[in-house]
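The structure appears below as structure tokens.
Excluded from the calculations below are hydrogen atoms, water molecules and symmetry mates; all remaining heavy atoms, backbone and side chain alike, are included. Keep in mind the model is a prediction, meaning the values are calculated, not measured. Numbers here simply count residues along the sequence, with the first being 1.
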Amino acid sequence: MTKYEVITSDIRKKIQNGTYGASAQLPTEPEMCEAYKVSRITVKKAIDQLVMEGLVIKKRGSGTFVKGLEDHKGQLFTQLNGLYINMDKTTIHSEIVLFEVVAAGKFIADKLNIEEDAFVYHIIRYRYDDKEWRVLDFVYMPIDLIPGLKKDILYHSIYNYIENDLGLRIQSAHRIIRAQRPDDFDKKWLGLKDTDPVLSIIQTGYLDNGVPFEYSEQHHIGDDFSYKTVSIR
């Protein structure tokens, strides 16, 4: 890992294990420079990454603080408890393309902030309605955090299982939307050609304690997409 990634990972872990509790102030940039033996630019890059992940907030003239629940009020987050397109559609069907347990590679381990080779669920679902809407879900979730996930749950709502059965609280998601060419899964399940557009939503989902519980991609047919956001709490 680069120096800033080492700092980001260390602070992230300290937030998750309670060393830095909700609303706690982080050390100042000069203090971090001394502690990690790096430049101020490196520290700033690490903090900016944590801000982007939604774990900390910068307050002008005061410093950097771990987010408390009050910091989420009035902020704009994408809706987590539903689909992102054509929200009037109510009958959603799912087919399980793949459901397996694998050891996390470095990329997924970094996204979920877990140890490399820790076990994760790897899920691919084809979802569609009674009209023409179709989407492919590619999902990774850590087993230690989301235990007991069974195949029959995948036909319904994984989020409902997380909140209602496991008693966890889903707080927010950070998403990147990008256009790309279809891969082999898109061609098979979405019926796309090489030149057809795919809109991919790349998401990291977080619980209310700031712990990432999901890294996923959703592939949408390019001409059947609209984006909806809601302001929560």
*asked:* Among residues at least two apart in sequence or on other chains, which ones pass side chain to side chain donor-acceptor pair (under 3.5 Å) with Ser200?
replied: Glu217

*Less than 4.5 Å apart, any side-chain heavy atom of Val66 and any of Ile57?*
no

_Counterpart residues, salt bridge (Lys or Arg N to Asp or Glu O under 4.0 Å), relative to Asp186 (two or more places apart)_ = none

*asked:* Using modelled atom types and a 3.5 Å cut-off, is there a donor and acceptor pairing between side-chain atoms of Arg134 and backbone atoms of Leu190?
replied: yes

*Which residue pairs pass the salt bridge (Lys or Arg N to Asp or Glu O under 4.0 Å) test with at least one member in residues 32-41, sequence neighbours excluded?*
Glu29-Arg40, Glu34-Lys37

_Asp194: which residues meet the salt bridge (Lys or Arg N to Asp or Glu O under 4.0 Å) condition with it, sequence neighbours left out?_
Lys187

_side-chain hydrogen bond (donor to acceptor under 3.5 Å, both in side chains) pairs, two or more places apart, involving residues 98-108_ = Glu100-His122, Lys106-Asp110

*Tell me the salt bridge (Lys or Arg N to Asp or Glu O under 4.0 Å) pairs involving residues 4-17, sequence neighbours left out?*
Asp10-Lys14, Arg12-Glu53, Lys13-Glu115

*asked:* Suppose we screen for ring-ring contact (aromatic ring centres under 6.0 Å, His included). Which residues come up paired with Tyr155, at least two apart in sequence or across chains?
replied: none

*Might you confirm whether atom CG of Leu98 has over 12 heavy atoms from other residues, nucleotides or ligands at distances under 6.0 Å?*
yes

_Contacts of type side chain to side chain donor-acceptor pair (under 3.5 Å), residue Asp48, not counting sequence neighbours_ = Lys44, Lys58

_Heavy-atom donor-acceptor pair, Glu163 side chain to Ile170 backbone, under 3.5 Å_ = yes

_Exam field: side chain Tyr161 to backbone Ile146, donor-acceptor pair closer than 3.5 Å_ = no

*Taking atom CG of Asn164 as the centre, does the number of heavy atoms from other residues, nucleotides or ligands within less than 6.0 Å exceed 12?*
yes

*Applying ring pair (Phe, Tyr, Trp, His ring centres under 6.0 Å), run through Tyr215 and Phe138 and close with a yes or a no.*
CA-CA 8 Å; Tyr215 178 77; Phe138 302 83; over 10 Å; no

*Under 3.5 Å donor-acceptor, Gln25 side chain and Ser62 backbone*: yes

*Residues forming a side chain to side chain donor-acceptor pair (under 3.5 Å) with Thr19, sequence neighbours excluded*: Asn17

*Can you name the residues that form a ring-ring contact (aromatic ring centres under 6.0 Å, His included) with Tyr128, not counting sequence neighbours?*
His93, Tyr126

_Side chain to side chain, Ile11 and Met32, heavy atoms closer than 4.5 Å_ = yes

*Do His219 and Asp183 touch side chain to side chain, with heavy atoms closer than 4.5 Å?*
yes

*Just do the ring pair (Phe, Tyr, Trp, His ring centres under 6.0 Å) check on Tyr20 and Phe65 with the steps written out, would you?*
CA-CA 9 Å; Tyr20 299 137; Phe65 296 81; over 10 Å; no

_Whether the side chain of Asn160 engages the backbone of Ser157 through a donor-acceptor N/O pair (distance < 3.5 Å, no angle test) should be reported._
no

_Leu149 and Ile123, any side-chain heavy atoms less than 4.5 Å apart_ = yes

*Thr204: what forms a side chain to side chain donor-acceptor pair (under 3.5 Å) with it, not counting sequence neighbours?*
none

_Ala104: partners by side-chain contact (heavy atoms from CB on, under 4.5 Å), with sequence neighbours left out_ = Ile108, Ala109, Ile114, Val120

